[in-house]
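Each remark here refers to the structure printed beneath this line.
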Amino acid sequence: MREAMEPRYDIKEVEEKIYRLWEGSGFFDPDKLPEAKKRKPFTIIMPPNNANGLLHMGHAVGLTLQDILIRFWRMRGKKTLWLPGADHAGFETQVVYDKKLDREGRNRYEMSREQLWKEIWDFTEESKAKMYAQTKKLGASCDWSRETFTLDPKIIETVYETFEKLYEDGLVYRDLKVVSWCPKHRTALSDLEVKHVEREDPLYYVKYGPLTLATVRPETKFGDTALAVNPKDSRYKKYIGREIEAKGILGNLKFRVVGDEAVDPKFGTGVIKVTPAHDQTDFEIWTRHKEEIAGPKIIIDETGRLTGEVGEFKGLKVAEAREKVAEKMKEIGILEKVEPNYKHQVATCYKCGSTLEPLPRPQWFVKMKPLAEPAIKAVKTGKVKIHPKRSEKVYLHWLKNIRDWNISRQIVWGIRIPAWFCLGCGEAKINTEIRSRWFLVRHGETDFNKEKRTMSHGPISINDLGRSQAKLAALSLKNRNIDLIISSDLKRCVDTAKIISDELGGVEVIYEKGLRERDFGVLEGKTYEEGHREFGEDVVKSYDGEIPGAETMREVEKRAWEAFISHRSKHSHRNVVVVSHGGVIRMLRKKIKNLGVEDAFKVPGAKNAEIVPLEIGEKCKKCSGDLYEQDPDVFDTWFSSGQWPFATLMKNQKDFKAFYPTEVMETGYDILFFWVARMIMLGLYRTGKTPFKDVYLHGLVRDKDRQKMSKSKGNVVDPLGVADTYGTDAVRMALVIGNTAGNDIVISEDKIRGYRNFATKIWNVARFVLLSKKSEFAKIKVVYSPADKKDLVGLKKVKVQVTKHIEKYEFHLAGEKIYHYFWHTFADKIVETSKPRLNGENLKDAAAAFLKLETILKTSLKMLHPFMPYITEEIYSRFEPDKMLMVEKWD
RNA sequence: GGACGGUUAGCUCAGUGGUAGAGCGUCUCGCUUACACCGAGAAGGCCGCUGGUCCGAUCCCAGCACCGUCCACCA
């Protein structure tokens, strides 16, 4: 006799025990499944969740549906691989971390790249650990031995290869374009990350000489370089090609009028101003009229403030400037009228809602049309099927109208773009090998620096601030494997070099006279101001300007460069820090970058302890230099996650052969373009195969009032919290039932409680069946009554239907079917009618009744297992202590 | 400006060319040795509106309304 089941199902104890049991069995790993070799593969790559926070209900939906598929097919005899992973989620994590920095009164613009990287790395590691624990709690039967992070070296390597291949195929290029720029986060965004919102703003009618035009952005007027009209517009034809004079805020202006199709004659007055630097359309108009009109004139900076030739408005934020410029226009009589409530669409940052500022920036773009074509075909021919089907139309429409994809992001957190620019000529090299790294570092602050006084060869030390600057510099050089420090032999550099050496664990330092600061002759010890007064700033700060007793900059350049070159040839394979002075670094930069005299003096000088990185690679084919700097930008996260299905499997060629292409991609419909479309495109591009056969898109999770869940609304149902209360199985059922592809899911605690009740029901039925077992039954040859047979046929029918539903991704129907059958047919009817027989005199009949109940129960447990894995596994073990339901045969 | 989705019981949602379904909620009865996290039963719906196809429509078609979503360089 077996032990009776406890009257209550203990959620916590059982769930922990069972997950350990599964994990310990090794069966999450497809290669360790019973008869693994005979099985055919079935693969799902888990969408890598963002390693920057906890899982919410949306994640729980995805994990549940995937786990249902995996458990179902595992029981159906497939070699199931479910590969878990996490995404570094570049921009999103950066935003999360920026918020944290903000709370701490810090910001990333004041941090070194290395420091910021390290902090975010630790943060993601922590988040990842929590997230994986949550994933386990939800019962996910994924193969943890294959867990992958998007920043694993193997993944980065694959992503780099793809980038290189795209570059070689001419599908990736670097170009200056007006991009969507978030002034808060100071990075460009892709078209998909731009959220258009409707807003009402004043529409200003501004007089430009004889013409009047309408604009919502009078503040960009300082960047205007032309006016444009539609070439077919008879009102303005006569102006095309003419130059008109106009009154402007900063004086009179001259603008040429060009004719361009992009101008809609019906809008406003039919005349527009052309601001190539701050409007995409205008930039394009300029590219079509390059001969006639001037190009981008930048008057807005990367923080969204006015800059350049903007008179008194310099430094104002765009919104403030707008009002003030309009006022001024009114004052000087060029503001004709204002329509106060003009409705229009404004581009905003999808993350922070800031109004985006179009800015010209050189960025890496992927040419999308050639990639989109095969991806369109794949869906049209049914190689990839999207559920729900209607999403295919949306997908196709997007791909047909796709534009080139900006994959450069101006943040630190991400996969650094493997592009190096030759410092000599600017030529780009992709994925080139870097032999060693050199870093030019200016010494830390001295009191002379502080007092703005000239110091050439005097023995002055660095001050307290200088010391901490040096330490900070050393910190960011820490993981760079520095082998050698070459320093100017002047005291302030010696101090700096020593600190760096100490911080780096005693790296060798050699001193070099050639790296000394310029000898300033009679200016020694004088303030900059005095020097400028005496000799003129243009002489002091010039290449050949002579000062009594002083070296010219030309002479400094010569001796410093000679010193630098000679060390370069001696130590070209070592990673070296060169500690020197402001003037010297300026001159070294001039030589390295082949700058003209004028440019060399225009570049801002190195600040105290600032690091100028130089990377030594192969000889540039164009200018034969070998010093490079790496593009500081990182990839759009979706560029790397778009390669996820093959990148994860390519870590191991055997896995790639066995498991690629995968079966299903299960994810939310909100990332159809962001992710799914790009996976199909990049998968086809790299492997020639679609990365998966089916795409199942689930909806967004809402609360019972159809509100999107958000922390600020306080309506978030924490999946793990409720799982503690009602059990993971109940949460899973609640997430599946009533949930159809592509539609949003409504979840409430009531619903979850309902399925907890169901779990209790299952438990009690099982308890009853077990209690009804008598040892005598074993010896009896059972003969079923016609009613029994009918019940068993009914069971079979249910099973056929449940099977079909899961195969067709109709999880909700499968779940409902088995739920209804178990409760209202099995428990309410079959069990009830069996009671008298079980306790009756006729032992043979009792045995038949019992065997039927046991059969139906065990089969039901199998059918329920993909949905409610914990409780079913636990109950099954009471009937079959030597078996594991997870790997039992479905049939 | 395009495209898509929704509109079914008080609430949240399934569903089907032939007298409408589930969960929760409500009401009545029931502590029957698996289960009150339960059982038996009940009430409750012109299946958004207007036309059309059909023997027959909640389901197919057309139009409309409201709600929602996505896409779109109109200054």
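Per chain, numbering begins at 1; letters A, B, ... match sequence-line order. Note: hydrogens, waters and symmetry copies are ignored here, and every other heavy atom, side chains too, is used.
In this structure, A/K835 satisfies the cation-pi test against A/F768, with its NZ or CZ atom closer than 6.0 Å to the six-membered ring centre and inside 45 degrees of the ring normal.
Within the 4.0 angstrom heavy-atom criterion, only backbone atoms of the sugar-phosphate kind lie near A/R403; the bases stay farther away. Residue contacts for A/A827: at a heavy-atom cut-off of 4.0 Å it reaches a base atom on one of the strands shown. Heavy atoms of A/V178 sit nowhere under 4.0 angstrom from any nucleic acid atom. Note on A/K266: nothing from the nucleic acid sits closer than 4.0 angstrom, heavy atoms only. Residue contacts shown for A/H344 are limited to sugar-phosphate atoms, with no base heavy atom under 4.0 Å away. Residue A/G754 is classed as having no contact, given no heavy-atom separation below 4.0 Å to the nucleic acid. Contact annotation for A/V765: base contact, defined as any heavy-atom pair under 4.0 Å involving a base atom. Nucleic acid contact class of A/D264 (heavy atoms, under 4.0 Å, all strands): base. Among the atoms of the strands shown, only primed sugar atoms or phosphate atoms (P, OP1, OP2) are found under 4.0 Å from some heavy atom of A/Y342. Residue A/T215 is classed as a sugar-phosphate contact, given heavy-atom separations below 4.0 Å to backbone atoms only. A/Y669 comes within 4.0 angstrom of no nucleic acid atom, judged by non-hydrogen atoms across all strands. A/A347 comes within 4.0 angstrom of nothing in the nucleic acid, heavy atoms only. Residue contacts shown for A/F673 are limited to sugar-phosphate atoms, with no base heavy atom under 4.0 Å away. Residue A/R756 is classed as a base contact, given a heavy-atom separation below 4.0 Å to a base.
One can place CD1 of A/I11 at 10 Å from C1' of B/C37, the figure rounded to the nearest angstrom. In this structure, A/N764 places its CG atom 13 Å from C1' of B/G39, rounding to the nearest Å. When the C1' atom of B/C38 is taken as reference, atom CZ of A/F758 falls 15 Å away, rounded to whole Å. Between the C1' atom of B/C4 and the NE2 atom of A/H397 lies a distance of 11 Å, rounded to the nearest Å. Taking atom CG of A/D828 as the reference point, atom P of B/C35 lies 15 Å away to the nearest angstrom. Per the geometry, NE2 belonging to A/H698 stands 20 Å off P belonging to B/G5, to the nearest Å. If you measure from atom CG of A/D260 to atom P of B/C74, you get 16 Å, rounded to the nearest angstrom. Distance OH (A/Y821) to C1' (B/G21): 20 Å, rounded to an integer number of Å.
Side chains of A/T348 and A/R199: a donor-acceptor N/O pair is absent below 3.5 angstrom, by distance only. In summary, the side chains of A/E193 and A/S190 do present a donor paired with an acceptor at a separation below 3.5 Å, with no hydrogens or angles considered. There is a side-chain donor-acceptor pair under 3.5 Å between A/D201 and A/H344.
Note that CH2 of A/W638 and CZ of A/F673 are 13.0 Å apart. Values are rounded to the nearest 0.5 Å. Rounding to the nearest 0.5 Å places CD1 of A/I871 at 11.0 Å from CZ of A/R756.
Each of B/A14, B/A34, B/C35 was ranked by its minimum atom distance to the side chain of A/T760; first place goes to B/C35. For A/Q345, the side-chain atoms get nearest to B/A72 when compared with the rest of B/A34, B/A72, B/C38. Which of B/C73, B/U12, B/C35 sits closest to the side chain of A/K835 comes down to B/C35. Here the side chain of A/R767 is nearest to one of B/C35, B/U12, B/G5, namely B/C35. For A/H196, counting side-chain heavy atoms from C-beta on, the closest listed nucleotide (B/A72, B/C4, B/G23) is B/A72. Comparing B/C24, B/A14, B/C71 against the side chain of A/D750 picks out B/C24 as the nearest.
The base of B/A34 sits within donor-acceptor range of the side chain of A/E832, with an N or O pair under 3.5 Å.
Of the two residues contacting RNA chain B, namely A/N739 and A/N757, the nearest-nucleotide position lying further toward the 5' end is that of A/N739. Each of A/R8 and A/Q280 was assigned the nucleotide of RNA chain B with the nearest heavy atom; the assignment lying further toward the 5' end belongs to A/R8.
At distances below 3.5 Å, at least one donor-acceptor pair connects side-chain atoms of A/R678 with backbone N or O atoms of A/F674.
Contact annotation: A/W398 does not reach the phosphate of B/A3 (side-chain N/O to OP1 or OP2, under 4.0 Å). Remark: A/T740 is in phosphate contact with B/A14, judged by side-chain N or O atoms under 4.0 Å from OP1 or OP2. For the OP1/OP2 pair of B/G15 and a distance below 4.0 Å, the side-chain nitrogens and oxygens of A/H812 include at least one atom meeting the criterion. Taking 4.0 angstrom as the limit, A/K761 places a side-chain polar atom (N or O) nearer than this to OP1 or OP2 of B/G39.
The partner of B/A65 is B/U7, by the rule that a Watson-Crick or G-U pair needs both atom distances under 3.5 Å. Across all strands shown, B/C35 forms no Watson-Crick or G-U wobble pair with both key distances under 3.5 Å.
Between A/F867 and A/Y819, the ring centre distance reaches or exceeds 6.0 Å.
B/U69 sits 40 Å from B/C27 when the C1' atoms are compared, rounded to a whole Å.
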